[in-house]
Number of protein chains: 2
Amino acid sequence: MGDTSGAGEPTLEEQIAAYQREFQDLDPQVEKIVSALSRLNRRMNVAYGRQTAELGIGNTDWEVLKALVLSGAPYCLGPGDLAKRLGLTPAAMTHRIDRMVTEGLVTRERDETNRVRVIVAITAEGREKWLAAMRLATVFEEDLLQDLSADERTALGEVLTRLLRRVEHAQPDAGGRLSDLD
Amino acid sequence: MGDTSGAGEPTLEEQIAAYQREFQDLDPQVEKIVSALSRLNRRMNVAYGRQTAELGIGNTDWEVLKALVLSGAPYCLGPGDLAKRLGLTPAAMTHRIDRMVTEGLVTRERDETNRVRVIVAITAEGREKWLAAMRLATVFEEDLLQDLSADERTALGEVLTRLLRRVEHAQPDAGGRLSDLD
DNA sequence: CCTTCGAACTTTAGCTTCTAAGTCTTCAGT
DNA sequence: ACTGAAGACTTAGAAGCTAAAGTTCGAAGG
């Protein structure tokens, strides 16, 4: 009946108007950028989540597979290395690896040259799942950017990396754990 | 020793190079944008998390306070409405409200005109915390965008809303629950 | 040679936050 | 009054994390 677009999520414009109403010293231009970034990312995460769910793996599995593949040949790392790269504690890593071993995505075995160490390696199945997820992701990403010209893409990439540099310089390597799905 | 920048997070450039190495049919320009978006958002979430933690509230509390304030006067909603806006189940909402009532951020009472309904209202303390969080957030956001000229900000806002429109049109209102911190 | 120290991983216990399913209360219509 | 539907709460349980203690092994020093 009203005009508040029901009970769901307000539109970006509605939300910015509400912010200005409740908090005067707010630059609407800044807020527009920040809110759009945030929403965009949420939508992307939802899309990625759906895609990985279709493949029968979780977002957490996907993160680990990504780290292993991007580490390069021979595609294996220790739990400690993985934990550092993913920004979580060794204990959490142990649990993830437990699950992923039973799911057949990775193997875990002791390093025979130094029996304190453990080697986590991606399996053929894990690699295939990663590839399949990447294919789905690139389709989604291409579609997302479809309306942008080559020049606009270049400009956007440049501006975003500039912002990123700024924020990474400010907080050098906080091990935060939120939506590491890049 | 090496050049892999230690065990922490790889740089954006390193990561894109690794992607290209492991997955050929990938447009580096697209990947640059997507990865930068993702990282930027993670950093922002970490920053917001720190700020709210300084104020003694959690991100989940912050989300609820935001929904209440942005709903406008008289700054109260039912648990069901809140659940819809935040994209979670009524049961989860009950738990959040329980906690926030004990923390003094909101009040919960029955609606005397319709005793099935419950009214969750923000308290003075809750409102102050929200304001304080907003002040911190705007400082951070201004700093983040400091290097961008007015024209660049306009252009960035325009491009991002264009992307957002595209993705929101594609998945109309998925109730996904990831990083709703805008 | 033996001991001790430290590093790397795992285990245990507990926390937070979510969902699903069932229950209770209250309003509205017959 | 009775019944049905709606709204919120309760209970049980899953997923994921952390902190701290425990285990196992390699290496350095007596």
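Naming convention: chains lettered A, B, ... in sequence-line order (proteins, then strands); numbering from 1 in each chain.
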Side chain of Ala91(A), heavy atoms from C-beta onward: which of dC18(C), dT18(D), dT26(C) has the nearest atom to it? dT18(D)

Listed nucleotide nearest any side-chain atom of His95(A), set dT26(C), dG26(D), dC17(D): dC17(D)

Determine whether a donor-acceptor pair (N or O, by modelled atom type, separation under 3.5 Å) exists between the side chain of Lys32(A) and the backbone of Ile16(A). no

Can you measure [X] atom [atom1] to [N] atom [atom2] for me and round it to whole angstrom units?
X         : N       : atom1 : atom2 : answer
Ile97(B)  : dT10(D) : CD1   : P     : 12 Å
Asp111(B) : dG7(D)  : CG    : P     : 13 Å
Lys84(B)  : dG7(D)  : NZ    : C1'   : 10 Å
Asp81(A)  : dA7(C)  : CG    : C1'   : 13 Å
Leu88(B)  : dT16(C) : CG    : P     : 18 Å

Assign Pro79(B) to base, sugar-phosphate, or nothing according to its heavy-atom contacts below 4.0 angstrom with the strands shown. sugar-phosphate

What does Gly58(B) touch in the nucleic acid at a heavy-atom separation under 4.0 angstrom: a base, only the sugar-phosphate, or nothing? nothing

Does a donor on one side chain and an acceptor on the other come within less than 3.5 Å for Thr60(A) and Arg99(A)? yes

Parallel, tilted or perpendicular: rings of Tyr19(A) and Trp130(B) (30°, 60°): parallel

OP1 or OP2 of [N] versus the side-chain N and O atoms of [X]: is any pair under 4.0 Å?
X         : N       : result
Arg108(A) : dC9(C)  : no
Thr89(B)  : dC18(C) : no
Arg115(A) : dA8(C)  : no
Thr94(A)  : dC9(C)  : no
Arg99(B)  : dT16(C) : no

Looking at residues at least two apart in the chain, or sitting in another chain, which of them share a salt bridge (Lys or Arg N to Asp or Glu O under 4.0 Å) with Arg135(B)? none

